[in-house]
Amino acid sequence: MSIVKRMAAENSSYVTEFILAGLTDQPGLRIPLFFLFLGFYVVTVVGNLGLIMLIGLNSHLHIPMYFFLLNLSFIDFSYSTTLTPKMLVGFVSKKNTISYAGCMTQFFFFCFFVFSESYILSAMAYDRYVAICKPLLYTVTMSPQVCLLLLWGVYGMGVFGAVAHMGNLMFMTFCSDNLINHYMCDIIPLLELSCNNSYVHLLVVFIIVTIGIGVPIVTIFISYGFILSSIFHISSTEGRSKAFSTCSSHIIVVSLFFGSGAFMYLKPPSILPLDQGKVSSIFYTAVVPMFNPLIYSLRNKDVKIALKKTLSRKIFS
């Protein structure tokens, strides 16, 4: 928070608040979009908090796979809450403004949770690699101490991503134009408003995003390369099917998250106009957090069994 206050003080003589253009400039679409994204947000909150409670209440889910899934649900809920309520206000407000400090705070937590999600997905891929490729060593390799260490790494990279982006913003000055062509405070539209906008700032953003997206993607690809190799060496069809089923939910989530994120940030603005980028960002800020608990719930037998047991306990009690 001290970084945000310092930045606000340094730039107070120029811009004290920003105007968020929102997702659309057509008044007739605002109310339908408000209810659409309100529905998305309700499903996101109920789904992720429900999955957190389900894992917490069922002791047979207290294993590394669901430990990471619990943290994924926490991250999805948190960064959806960082962005969606402000977007909903924008649909029903005549002038959707946000203070400079508020914009920087939203951007900081957005970066933190997005980087954390990238690395929690890579930690989950490593967990699946150990479970399938080294099943006899799984308990030792994925001990509680190792899981906590991986989790510290996940949130540590979240802090790195947020601080690195904020450090880049500290060297930018916002003079007169304060209209952000987005529904949230994001780095690309903020770069467009900077008086001292340069390729150096854009290069720094590209490097930070590459670390946030590229490193986890490489880790996930390597993990699944070993996983596929192990699966093809399984003689029984049932064994292969079971191995694939344990990974399918994670593969879908990874594809949705990294696909939309890479489409938004790893292309030059000349190739991907910002208006199209807003549509792409909808996937990883609103759609992915909503689908993650649904994907893991509908495609996971352990979660289904835990849900039935929990509901039956509630009914009989």
Side-chain angles (χ1 to χ4, degrees), residues 23 32-89 91 106 109-110 112-125 127-128 151 154-155 158 183-184 216 245-261 279-315:
L23 193 60
L33 286 174
F34 171 83
F35 285 107
L36 175 65
F37 285 101
L38 178 62
F40 282 178
Y41 183 61
V42 170
V43 174
T44 300
V45 171
V46 172
N48 284 291
L49 292 184
L51 197 54
I52 290 171
M53 292 177 62
L54 196 65
I55 294 171
L57 292 173
N58 290 271
S59 58
H60 73 279
L61 297 181
H62 294 176
I63 58 175
M65 176 182 175
Y66 297 105
F67 171 74
F68 292 122
L69 180 56
L70 183 148
N71 280 276
L72 175 65
S73 292
F74 167 73
I75 292 168
D76 281 335
F77 163 75
S78 299
Y79 91 77
S80 180
T81 301
T82 300
L83 303 174
T84 307
K86 184 60 181 174
M87 180 173 65
L88 293 174
V89 170
F91 287 130
Q106 184 192 62
F109 283 106
F110 165 66
F112 171 75
F113 288 119
V114 166
F115 267 69
S116 297
E117 174 132 352
S118 298
Y119 281 87
I120 197 75
L121 289 173
S122 62
M124 293 172 77
D127 172 71
R128 292 298 84 204
L151 194 64
V154 166
Y155 290 120
Y183 58 84
M184 65 179 184
S245 66
T246 60
C247 300
S248 58
S249 298
H250 184 255
I251 292 172
I252 294 171
V253 169
V254 165
S255 302
L256 287 172
F257 180 77
F258 285 110
S260 56
V279 177
S280 174
S281 64
I282 285 294
F283 281 93
Y284 65 85
T285 59
V287 177
V288 171
M290 177 184 67
F291 274 133
N292 282 356
L294 296 177
I295 290 170
Y296 278 103
S297 298
L298 297 175
R299 298 181 62 86
N300 190 296
K301 291 182 180 179
D302 291 336
V303 173
K304 289 179 182 178
I305 292 170
L307 181 60
K308 289 179 182 178
K309 286 183 177 179
T310 304
L311 291 176
S312 64
R313 285 200 300 262
K314 293 292 182 182
I315 291 171

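Scope of the values below: all heavy atoms of this structure, side chains included, with no hydrogens, waters or symmetry mates.
Looking at Tyr41 and Pro85, their side chains come closer than 4.5 Å, going by heavy atoms from C-beta outward. Taking 4.5 Å as the limit, every side-chain heavy atom of Ser116 sits out of range of all side-chain heavy atoms of Tyr79. Using a 4.5 Å heavy-atom threshold, the side chains of Met290 and Asp76 count as separate. In this structure the side chain of Phe37 reaches within 4.5 angstrom of the side chain of Leu23, judged on heavy atoms. With contacts defined as side-chain heavy-atom distances shorter than 4.5 Å, the pair Leu61/Phe67 does not qualify. Contact annotation: the side chain of Leu69 approaches that of Leu72 to within less than 4.5 Å [non-hydrogen atoms, C-beta and beyond]. Met184 places a side-chain heavy atom less than 4.5 Å from the side chain of Gln106. Looking only at side-chain heavy atoms (C-beta outward), Asn58 and Met53 stay at 4.5 Å or farther from each other.
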Query raised in the report: Run the side chain to side chain contact (heavy atoms under 4.5 Å, CB included) check on Thr44 and Phe291 step by step: do they pass?
Result: CA-CA 8 Å; Thr44 300; Phe291 274 133; over 6 Å; no
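One side chain, Tyr183 or Thr285, offers a donor N or O that lies under 3.5 Å from an acceptor on the other. Residues Tyr155 and Asn71 bring a donor and an acceptor atom of their side chains to less than 3.5 Å of each other.
The two residues Phe115 and Gly158 come nearest to each other via the heavy atoms CB-CA, 3.7 Å. The two residues Phe40 and Val287 make their nearest non-hydrogen contact at CE1-CG2, 4.4 Å. What you find for Pro64 and Asp127 is that their closest heavy atoms are CB-OD1, 3.5 Å. Annotation for Pro216 and Ser118: closest pair CB-O, 3.4 Å, computed over non-hydrogen atoms. Nearest heavy-atom pair, Phe110 versus Thr82, reported as atom, atom and distance to 0.1 Å: N-CG2, 4.1 Å.
Atom CD of residue Glu117 and atom CZ of residue Phe112 lie 12.0 Å apart, to the nearest 0.5 angstrom. Distance check: Arg128 CZ to Ile251 CD1 gives 11.5 Å after rounding to the nearest 0.5 Å. Separating the CZ atom in Phe91 from the NZ atom in Lys86 is a distance of 12.5 Å, to the nearest 0.5 Å. Taking CD1 of Ile63 as the start and CZ of Phe68 as the end, the distance is 11.0 Å to the nearest 0.5 Å. Separation of atoms CG (Leu83) and CZ (Phe113) is listed at 10.0 Å; rounding is to 0.5 Å. Rounded to the nearest 0.5 angstrom, Leu36 CG and Ile282 CD1 are separated by 9.0 Å.
Residues forming a side chain to side chain donor-acceptor pair (under 3.5 Å) with Ser80 (at least two apart in sequence, or on another chain): Thr84. Scanning for side-chain contact (heavy atoms from CB on, under 4.5 Å) contacts around Ser73 gives Asn48, Leu51, Ile52, with sequence neighbours left out.
Formation of a donor-acceptor pair under 3.5 Å by the His62 side chain with backbone atoms of Leu57 is not found in this model.
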